[in-house]
K.L.:
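Could you have a look at this structure, given as structure tokens, before my questions?
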Amino acid sequence: MRSRIGLLVAAALIAAACAVGGGSGSDEPSSPAASGQAERRPNADEFQDDIEGAVAVAEAYWTDRFSQGGRRFTPIRRVFPYRAEGEVTCGAQVVPANNAAYCPDGDFIAYDVNWAVRAYAQVGDAFLYFLLGHEYAHGIQVRLGLRYEYTIEQELQADCLAGAYIGDSVKADRLTLEDGDLDELRQGLQAVGDDPGQPWFAEGSHGSPEQRTDSFFKGYEQSTRACDV
């Protein structure tokens, strides 16, 4: 997946994907050996370009969506990497390793860069756009003042909004799908679903692999109207 934003990318921004207070369902995508894919290691510039491109496209997309609704959009304040558990906190809560999170207290997205590079290598660059899109969606939920009885409602809506951001950006020619990108997204979504024994009503539940995949592609195909916003 490649961004067509080019000069709109802010060099200071780096990217991320799940809200503090719940796990991501799986620490990282399943191994490439299990999926039959060969792992490819991105170089630092390639990884950084994709991260910055994902941030820039998300900012442009949500700026447009808010403008269409007659509202001014304020981008998420910071998007940055971390390398170890305990390095970043959200309020009094530690952002765990092998994760990415949006923190409303400070309005930032933080991501474990080592985990993100492994996900990139195992699944592909398209997964970074989902990762960033999901976390950015949590910031959108805060900006819209949305409330949820169960964590799973919040998380599946964020998956849907991530799908809308990617799908609408492809339609608007801000993103170009490359061969295999949709398969990468499906593989990534399957890998980060909750374990079979996870109760749907438990704090931190994100949804089964099937629920997460379904929510994402509803947004991808039908835009934000499929996401109840």
Side-chain angles (χ1 to χ4, degrees), residues 1-18 24 26-32 35 37-63 75-83 88 98-102 108-140 158-159 161-192 216-217 219-220:
M1 185 174 290
R2 285 292 179 266
S3 164
R4 293 181 180 270
I5 295 297
L7 295 177
L8 293 180
V9 174
L13 291 177
I14 318 178
C18 207
S24 61
S26 174
D27 281 347
E28 57 185 290
S30 56
S31 70
S35 64
Q37 293 183 340
E39 181 173 317
R40 61 185 185 87
R41 301 297 296 179
N43 63 48
D45 289 342
E46 185 180 29
F47 177 83
Q48 182 71 15
D49 286 347
D50 280 317
I51 287 292
E52 292 178 353
V55 173
V57 175
E59 287 189 1
Y61 176 71
W62 289 112
T63 296
I76 288 174
R77 188 171 63 86
R78 294 181 64 206
V79 186
F80 61 91
Y82 64 95
R83 294 183 177 276
V88 179
N98 299 326
N99 200 16
Y102 169 71
F108 66 79
I109 293 170
Y111 64 96
D112 181 335
V113 66
N114 295 318
W115 170 77
V117 168
R118 289 198 303 273
Y120 186 111
Q122 293 176 8
V123 182
D125 61 345
F127 185 71
L128 292 183
Y129 284 79
F130 164 73
L131 187 70
L132 179 279
H134 177 96
E135 294 311 323
Y136 220 98
H138 285 312
I140 300 304
D159 287 340
L161 292 172
Y165 136 75
I166 292 176
D168 289 351
S169 295
V170 169
K171 295 180 183 75
D173 205 31
R174 285 178 171 151
L175 283 176
T176 299
L177 285 180
E178 298 176 331
D179 289 345
D181 277 343
L182 290 179
D183 288 338
E184 288 177 10
L185 290 165
R186 288 190 180 92
Q187 181 188 351
L189 286 157
Q190 288 289 313
V192 296
F216 175 86
F217 279 100
Y220 183 90

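Note that the coordinates shown come from a computational prediction; the quantities given were computed from them, not determined experimentally. Heavy atoms only: backbone and side chains are in, while hydrogens, waters and symmetry mates are out.
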K.L.:
To the nearest 0.5 angstrom, please state how far the CZ atom of F127 sits from the CZ atom of R186.
P.N.:
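Spacing of CZ (F127) from CZ (R186) equals 15.0 Å.
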K.L.:
Looking at every non-hydrogen atom in both residues, tell me the closest pair between L185 and A126 and how far apart they are.
P.N.:
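Result for this residue pair: CD2-O, 3.5 Å.
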K.L.:
Rounded to the nearest 0.5 Å, what separates atom CG in D50 from atom OH in Y120?
P.N.:
4.0 Å
K.L.:
As an exercise, state the distance from OH of Y61 to CG of L175, rounded to the nearest 0.5 Å.
P.N.:
11.5 Å
K.L.:
Taking the side chain as everything from C-beta on, heavy atoms only, tell me whether W62 gets closer than 4.5 Å to L161.
P.N.:
yes
K.L.:
Relative to each other, are the rings of F130 and H134 parallel, tilted or perpendicular (30° and 60° limits)?
P.N.:
tilted
K.L.:
Can you tell me how far the OH atom of Y82 sits from the CG atom of N114, to the nearest 0.5 Å?
P.N.:
10.0 Å
K.L.:
List the atom of V79, the atom of V55, and the distance in Å for their closest heavy-atom pair.
P.N.:
CG1-CG2, 4.3 Å
K.L.:
Looking only at heavy atoms, what is the nearest atom pair of G188 and V123, with distance?
P.N.:
N-CG1, 4.0 Å
K.L.:
So, do D181 and D125 sit near enough that their side-chain heavy atoms are less than 4.5 Å apart?
P.N.:
yes
K.L.:
P75 versus Y136: any side-chain heavy-atom pair under 4.5 Å?
P.N.:
yes
K.L.:
Verify, without hydrogens or angle tests, whether D183 (side chain) and G180 (backbone) share a donor-acceptor contact under 3.5 angstrom.
P.N.:
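No, D183 side chain to G180 backbone: no donor-acceptor pair under 3.5 Å.
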K.L.:
Would you call the rings of F108 and F80 parallel, tilted or perpendicular, taking 30° and 60° as the class edges?
P.N.:
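Rings of F108 and F80: tilted, 30 to 60°.
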K.L.:
Would you give the length of the straight line joining atom CZ of R118 to atom CG of N98, rounded to the nearest 0.5 angstrom?
P.N.:
5.0 Å
K.L.:
Heavy atoms only: give me the nearest H138-A158 pair and the separation to one decimal.
P.N.:
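Scanning both residues, the minimum pair turns out to be CE1-CB, 3.7 Å.
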K.L.:
Taking all atoms of both residues into account, what is the closest heavy-atom pair of G133 and A162, and its distance?
P.N.:
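Shortest heavy-atom separation between G133 and A162 comes out as C-CB, 3.6 Å.
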K.L.:
Nearest 0.5 angstrom please: I166 CD1 to F217 CZ, how far?
P.N.:
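I166 CD1 to F217 CZ: 8.5 Å, rounded to 0.5 Å.
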K.L.:
Could you check whether any side-chain N or O of Y165 sits under 3.5 Å from a backbone N or O of A137, counting only pairs where one atom can act as donor and the other as acceptor?
P.N.:
no
K.L.:
Would you name the heavy atoms of S169 and V57 that are closest together and state the gap between them?
P.N.:
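The pair with the smallest heavy-atom distance is OG-CG1, 3.3 Å.
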